[in-house]
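Data first, discussion second: the structure below is written as structure tokens.
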Amino acid sequence: MDIYNYLKKDHQKVADLMEQVIASKDPAERQSLFETIKMELTLHADTEEQTFYKAIEDATRSKQVEEKIEHANHEHDEIREYLEKLSTTPVTDELWLETFGEFKHSVTHHVEEEEGEIFEKAKKYLSSQEAKDLAKEMDALKKQSQVQSKVPADAMG
Ligand SMILES: [Fe+2]
Ligand SMILES: [Fe+2]
């Protein structure tokens, strides 16, 4: 698998989970689906920046490409802010679903741009071998971060 298919699979997973949140009538279920989305998306954005975006930046000196990556990073930050807002608003609050709608819109928009413009640039600058290596790298980084986040706080001191 190359990085493009790897990322698409992640995007699809989150898109499905977001649809399930919208369809759900049960606040507890909604909450638990949201927790999964938050975990998946945070891990995705963090490791995507550290592998895929970084590789594109390293491979080019194009101002136009740099600006696209910068824009994508801003969208990641916007998504992180929505995740924070949704975490601190009770899931039963009217505002929650409204905010979730905005969040979903923001994620969908970002994914469209990423799978469109960013993939197009990446394919121009990264070899197919690099694209395969990046999928492995991102996957390894995710697994590493998951292990770290599972270590209880009191075991760290
Ligand atoms: Fe992505
Ligand atoms: Fe992204």
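Whatever order the structure lists ligands and atoms in, that order sets their numbers, starting from 1.
- Salt bridge Lys104/Glu19: present, at least one basic N to carboxylate O contact under 4.0 Å.
- Summary: NE2 is the N/O/S atom of His11 found nearest to the Fe ion (ligand 1).
- Both tests hold for Lys123 against Tyr4: distance to the six-membered ring centre under 6.0 Å, angle to the ring axis within 45°.
- The Fe ion (ligand 2) does not have His44 among its coordinating residues (no N/O/S atom, backbone or side chain, under 2.8 Å).
- A salt bridge is absent between Arg30 and Asp26; no separation between the charged side-chain nitrogens and carboxylate oxygens falls under 4.0 Å.
- Rounded to 10 degrees, the OH-metal-NE2 angle spanning Tyr53 and His110 at the Fe ion (ligand 2) equals 90°.
- A salt bridge does not link Glu115 with Lys8: none of the charged nitrogens is closer than 4.0 Å to a carboxylate oxygen.
- Looking at Asp2 and Lys136, no side-chain N of the basic residue comes within less than 4.0 Å of a carboxylate O on the acidic one, giving no salt bridge.
- The Fe ion (ligand 1) sits nearest to atom OE2 when only the N, O or S atoms of Glu48 are considered.
- Residue Glu114 approaches the Fe ion (ligand 1) most closely through its N/O/S atom OE2.
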